[in-house]
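No experiment lies behind these values; they were computed from the predicted model shown.
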Protein chains: 2
Amino acid sequence: MIKFCTFNHRLLMSVDIKMLAKNLNLSISTISRALRDSYEISDVTKTRVREMAEKLNYHPNPYASSLRKHKSMTIAVVIPEITNNFFALAINGIEYVAQEKNYHVLIYLTHENIKKEIGFANHLQNGRVDGIMISLSSETNNYDHLIELKSKGVPIVFFDRICESIESSYITTDDYESGFAATEHLISCGCKKIAYLDLSRYLSISNKRMLGYMSALEKHHISIDERLVMRFTNNNAENEELISKMLTGPNRPDGIFASVEKLAIASYNVCERLKIKIPEQLKIISFSNLEISSLLSPSLTTITQPAYEIGKQAALQLFRYLEKKNMMNVHEKIILKSTLIPRGSTRA
Amino acid sequence: MIKFCTFNHRLLMSVDIKMLAKNLNLSISTISRALRDSYEISDVTKTRVREMAEKLNYHPNPYASSLRKHKSMTIAVVIPEITNNFFALAINGIEYVAQEKNYHVLIYLTHENIKKEIGFANHLQNGRVDGIMISLSSETNNYDHLIELKSKGVPIVFFDRICESIESSYITTDDYESGFAATEHLISCGCKKIAYLDLSRYLSISNKRMLGYMSALEKHHISIDERLVMRFTNNNAENEELISKMLTGPNRPDGIFASVEKLAIASYNVCERLKIKIPEQLKIISFSNLEISSLLSPSLTTITQPAYEIGKQAALQLFRYLEKKNMMNVHEKIILKSTLIPRGSTRA
DNA sequence: CTGTTAGCGCGTTCAA
DNA sequence: TTGAACGCGCTAACAG
């Protein structure tokens, strides 16, 4: 009665639709339809089938179904890193929506490496997923891999680190305004020489934040010192070295605006090593989603993005693509607001 | 020359093995073998096939392959939450190994809910993944769903929040010792009344940490006050309420040992609200993987687990199961060491 | 070294 | 309302 087959080098009993059919003296197609709750099947048969399925602990093979339906019930999330509360929160939002829709979530980490991003994009042309959500790597300055992916018909939603030159939906935050507010905050704390720290010269969010920074300086008649606009890599040790040089050099700033949490943390580490007091001697503001109280971080003022909501909105938009055939060319550009959370710096 | 088919409600050109065969005047199976670099195929043919595949931008359909081979090239990671540096780091390690092995990683979040965990476990019987790595939810006090999954032949590796009553590999840390060390650390800081805060009364790691806590108290002749051994839920507001009551009640402790980072943070938040000074009036130690400098958290002493390494080891063990048919009954119990990182509290 | 053939498990025509 | 038969795209057994 029970069929055995070697599966992955081990014995596994496989209950399939055929076995249900045999046990119930019904045809395979009837079973299939009953399980899919088709209108063509009588209620009596349906319940008989369901009961037998339950009894034999039947689980439909997702790959057979995907092959037949050309639908994987799976989405991909491609992000630079996961050890970053922003992305962790975004995944939380994405996963929430995916669970609602009975979808599965594949995770791909580029580690800020464009080659990996290209590799994932190329690979995902094969139908493994029904759509992807992506936040670009800091190295990404060319979008051919994404254009090709899109041309294959794979729906793409960008979030946070978006690509504006591709016509697709995106969810992001008011980076220009936040950059402006962050800089103005430091100015209002008395800073005269404010450094801007960033990971990338390519990302749209980086450039918008920087523009905000520059506008704020201009507004307050502070001249822009190009030497204080700095780019870093994924290498923390190197980054700290650079920051250390900046903080001991002739252009030493009295305020730092870090566009990424990890650069703020690197700055903190350097300050501790150099015995620079924060915020007395140096004020720091940073984009960050660390969920810690001000007691834990008495001197960290942050710009906090609605990360969970961003993930959720991005997923919802992706499902809008997936659920309605005529939505493929209806793109949404959603811009959410970030929040400046003042802490120690203001009290200083 | 190019075949079209409706895919997911949209037009998609599908280049399959058959088309390559036609274009090259070869049989389908030859193509298949050439692409899989089979020894039976001549180098000339192989390169011809590869070039044509490249030219037509051929991507093998993973679901067809999985259906045929009974192998999904996919693993599942089931964890309680992702907004927690421990799990984020663990995923990082897992993903590193998976990328090496050309595997795909599905993420499932239980949100500390046993019903979700059961749902995932039952669902994953269907062959969607070749194996799973799991860290139990704090509610999990029954393992039937996992036993059934294992009986279906799905390899399982437990990490951190393991299940000792199921014969399978696991990776965890020296929780008893860490609990002991954490408590002794507080005692050496002068604490006489130490509270133990935990999420669960079921998890093995919780119990081991608590045993360590109790042993340390005993060793130093401090009697155990059951009212200071507290369990919390996933509801932060409720947790802070409970902590607040504890810190204002007659049994007010002078030290807190939080077995989970979020409980330490809740404690910090409460202290801030109640104007309790840390570490002067209350010392706190916590399991935590926050990657922040001591400047950022001047008063947080932590027990840090080698989270990345745990993820990596867990994945490696899973692949040991997957790669060798005779490894299914060879289980490894790996116990890594955690590190106590003293901060403000010691200086206090 | 290559081709022919037969499924993997399911969904969906078409026919009854 | 149900059944028979075909094929999704690929791999593997068996021939040659």
Taking OP1 and OP2 of C:dC10, is either one under 4.0 Å from a side-chain nitrogen or oxygen of A:Tyr58? yes
A:Met19 CE to C:dC8 P, in whole Å, measures 12 Å
Which of D:dC10, D:dT2, C:dC10 is nearest the side chain of B:Pro60? It is D:dC10
Here the gap from B:Ile132 atom CD1 to B:Phe158 atom CZ, rounded to the nearest 0.5 Å, amounts to 7.5 Å
Value for OG (A:Ser66) from CE (A:Met73), rounded to nearest 0.5 Å, stands at 8.5 Å
Closest of D:dT1, D:dG9, C:dC8 to the A:Ser42 side chain is D:dT1
Separation of D:dC10 atom C1' from A:Arg128 atom CZ, nearest Å, is 14 Å
To the nearest angstrom, the CG-P distance between A:Asp37 and C:dG11 comes to 13 Å
Whole-Å distance, B:Lys71 NZ to D:dG9 P, equals 23 Å
Whole-Å distance, B:Lys46 NZ to C:dT2 P, equals 10 Å
Quiz item: Any side-chain N or O of A:Arg68 under 4.0 Å from OP1/OP2 of C:dG9?
Solution: no
I'd like to know if the side chain of B:Ser168 and the backbone of B:Ile156 have a donor-acceptor N/O pair within less than 3.5 Å. yes
From NE2 of A:His70 across to P of C:dC10 the rounded distance in Å is 17 Å
Taken to the nearest whole Å, NZ/A:Lys69 to P/C:dG9 is 17 Å
- Would you confirm whether B:Gln99, through its side chain, and A:Leu109, through its main-chain N or O, come within 3.5 Å as a donor-acceptor pair? yes
Any donor-acceptor N/O pair, A:Ser169 side chain to A:Glu332 backbone, under 3.5 Å:
yes
- [ ] Would you confirm whether A:Asn126, through its side chain, and B:Asn61, through its main-chain N or O, come within 3.5 Å as a donor-acceptor pair?
- [x] no
- Ring-ring centroid check A:His123 A:Tyr108, cutoff 6.0 Å: no
Worksheet item: Is the shortest side-chain N/O distance from A:Tyr39 to OP1 or OP2 of D:dT2 below 4.0 Å?
Response: no
Walking DNA chain D from its 5' end, the first of B:Leu67 and A:Glu40 to be reached, judged by nearest nucleotide, is A:Glu40
Residues of residues 24-34 of chain B with a heavy atom under 4.0 Å from any atom of DNA chain C, listed by number, are B:Asn25, B:Leu26, B:Ser27, B:Ser29, B:Thr30, B:Arg33
Worksheet item: Looking across every strand, which nucleic acid part, if any, lies under 4.0 Å from B:Thr45 by heavy atom: base, sugar-phosphate, or nothing?
Response: sugar-phosphate
When rounded to whole Å, the CG to P distance for the pair A:Leu35 and C:dC10 reads 9 Å
